[in-house]
Amino acid sequence: MRFLIIFYFFASISVCNAQSQGIVYYGHIESPGKGGPAGLDFNAYLAFNKEASYYVTAKDSLENQSELEKQQTKEVNGKTEIYLGKHTLPQGKQVYYNRQKDSLWWNKKYKEPVYGREKREKINWKLETETKTFGGLTCHKATGFFRGKTYTAWYTKKIPLPYGPWKLQGLPGLILEAYDEKKEMYLYFKSVEYPTQLNLTVGSIVKPKEDHKYNWISIDEYKELLEKIVEKNKTKAILIAKQIGSNVEVNSGGVETLSVELFN
């Protein structure tokens with residue numbers, strides 16, 4: 001852990017600011033390319049105040065590892081998916097959004113953590129008339145297209161801040177639940193505390209030193225990284241097929257098998 005530096009984007013918020021801060025707890029199922037919510041079901045939360053929001057999931061301290069192990073085999077659309085190994089990080093997978101800078105900082109886990117930063121991408125939401133209630137709060141429906149997928153979001157005007165789980169944002173109220181058409185990204189509501197008396201630290205991301213393998217990368221560099229991983233996986237699959245004498249055509253899929261964000 002010596003090579004890690006913790007960057008605190010926001011200092012602890014005092015109790016006197018409690019009226020402007022809150023926390024939402026979600027379930028987070030991410031299933032790129034699976035055609036449905038086939039991924040592991042992680043705990044997640046979004047901490048926020050008027051200036052920033054901080055979302056985290058797949059974090060060691062939020063999970064019971066034995067409970068995750070029970071999910072190692074899941075079935076969706078007639079296909080069985082198997083998840084082996086450890087799928088959480090000490091710091092979790094994080095997204096920090098700063099309103100003043102209109103920017104996002106995030107990390108993801110592949111074989112090694114990846115750290116990225118980008119300007120917020122505006123989502124052209126269509127506001128609908130349908131409503132639902134989550135945690136005693138009336139929520140309004142909105143639909144919007146973001147990186148290859150059409151999302152349905154349920155937001156509440158009772159918390160008039162433009163935040164949401166993961167990278168979803170920009171509505172006239174906090175998003176309490178969101179999912180794409182296939183629910184390959186499925187962010188479902190559990191509970192909300194607003195205002196909260198919790199002493200929150202809104203946003204901390206663990207960043208490697210400059211001489212470490214991963215530095216902050218742009219969204220374009222992230223796209224290139226995904227494409228390289230796809231090609232590497234395809235080459236590996238072909239080699240394995242040759243080693244076992246298989247004459248079956250290998251199709252490892254594209255970026256959609258690695259990421260719920262599609263860029264073409």
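Since the structure is predicted, the reported quantities are computational estimates derived from the model, not experimental observations. No hydrogens, no waters, no symmetry mates; every other heavy atom, side chains included, goes into these values.
Salt-bridge annotation for Arg147 and Glu121: present, with a side-chain N of the basic residue lying under 4.0 Å from a carboxylate O of the acidic one.
Ring centroids of Trp166 and Tyr97 are separated by 6.0 Å or more, keeping the two rings apart.
Transitive grouping of hydrophobic side chains (ILVMFWY, heavy atoms separated by less than 4.5 Å) keeps Leu89 and Tyr55 in distinct clusters.
Between Val95 and Leu46, the closest side-chain pair of non-hydrogen atoms is not below 4.5 Å. For the pair Tyr194/Lys158, no side-chain contact is recorded, criterion being any heavy-atom separation below 4.5 Å from C-beta on. Residues Gln91 and Lys59 have side chains not in contact (no heavy-atom distance under 4.5 Å, counting atoms from C-beta outward). For the pair Lys232/Glu227, no side-chain contact is recorded, criterion being any heavy-atom separation below 4.5 Å from C-beta on. Side-chain contact between Glu30 and Lys93 is present, with at least one heavy-atom pair separated by less than 4.5 Å. No side-chain heavy atom of Tyr163 sits less than 4.5 Å from a side-chain heavy atom of Leu171. Lys149 has its side chain within reach of Val260: a pair of non-hydrogen atoms, C-beta onward, lies under 4.5 Å apart. Annotation: side chain of Asp41 is in contact with side chain of Tyr188 (closest heavy-atom distance under 4.5 Å).
Side-chain contact annotation: Asp220 with Ser218, donor-acceptor N/O pair under 3.5 Å absent. Defined by atom type and a distance below 3.5 Å, a donor-acceptor pair is missing between the side-chain atoms of Asn98 and Ser103.
Looking only at distances, no side-chain donor or acceptor of Glu67 sits under 3.5 Å from a matching main-chain atom of Gln65. Of the possible donor and acceptor atoms, none in the side chain of Asp180 sits under 3.5 Å from a partner among the backbone N and O of Tyr151. Side-chain N or O atoms of Arg99 include one that pairs as donor or acceptor with a backbone N or O of Lys50 at under 3.5 Å. Although no hydrogens or angles enter the test, the distance criterion places a donor-acceptor pair under 3.5 Å between the side chain of Trp125 and the main chain of Gln169. Using modelled atom types, one side-chain atom of Ser31 and one backbone atom of Ala38 make a donor-acceptor pair closer than 3.5 Å. Using a distance-only test at 3.5 Å, with no hydrogens or angles considered, a donor-acceptor pair links the side chain of Thr57 to the main chain of Asn43. Here the side chain of Thr257 pairs a donor or acceptor atom with the backbone of Gly254 at under 3.5 angstrom. For Asn107 (side chain) and Gln94 (main-chain N/O), a donor-acceptor pair under 3.5 Å exists by modelled atom type. Side-chain N or O atoms of Glu184 include one that pairs as donor or acceptor with a backbone N or O of Lys34 at under 3.5 Å. Judged by distance alone, the side chain of Thr156 and the main-chain N or O of Gly173 form no donor-acceptor pair under 3.5 Å.
For Lys182, the NZ atom counts as loosely surrounded, since its 6.0 Å shell holds 12 or fewer non-hydrogen atoms of other residues, nucleotides or ligands. Summarising the local packing, NZ of Lys119 is surrounded by more than 12 heavy atoms from other residues, nucleotides or ligands at distances under 6.0 Å.
Looking at every heavy atom in both residues, Arg117 comes nearest to Trp105 through CB-CD1, 3.8 Å. When all heavy atoms are compared, the tightest approach of Tyr26 to Ile175 is OH-O, 2.7 Å. Residues Leu127 and Ala142 share a closest heavy-atom pair of CD2-CB, 4.0 Å. Closest approach of Phe263 to Glu261, counting heavy atoms only: CE1-O, 3.6 Å. Across all their heavy atoms, Lys141 and Tyr155 have their closest contact at O-CE2, 4.0 Å.
In this structure, CG in Leu40 is found 10.0 Å from OG1 in Thr88, a value given to the nearest 0.5 Å. Atoms NZ and CG, on Lys223 and Leu225 in that order, are 13.0 Å from each other to the nearest 0.5 Å. Of the inter-residue distances, the one linking Glu193 atom CD with Gln21 atom CD reads 10.5 Å to the nearest 0.5 angstrom. Atoms OG1 and CG, from Thr133 and Leu176 in turn, are 10.5 Å apart once rounded to the nearest 0.5 Å. One distance of note links NE2 of His28 with CG of Leu62; it measures 12.0 Å at 0.5 Å rounding. The CG atom of Leu187 sits 9.0 Å away from atom CD1 of Ile29, with the distance rounded to the nearest 0.5 Å.
Remark: Lys167 is positioned above the aromatic ring of Trp106, its terminal NZ or CZ atom under 6.0 angstrom from the ring centre and at most 45 degrees off the axis.
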Checking side chain to side chain contact (heavy atoms under 4.5 Å, CB included) for the pair Phe189/Cys139: CA distance, chi angles, key distance, verdict?
-> CA-CA 11 Å; Phe189 174 81; Cys139 289; over 6 Å; no
Please report the C-alpha distance between Leu137 and Ile159 in whole Å, then the side-chain angles of each, then the deciding distance to 0.1 Å, and finally whether the side chain to side chain contact (heavy atoms under 4.5 Å, CB included) criterion is met.
-> CA-CA 9 Å; Leu137 296 172; Ile159 308 177; 4.2 Å; yes
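Ring geometry for Tyr45 against Tyr54 counts as perpendicular: the plane angle is over 60°, on a 0 to 90° scale with 30° as the lower cut.
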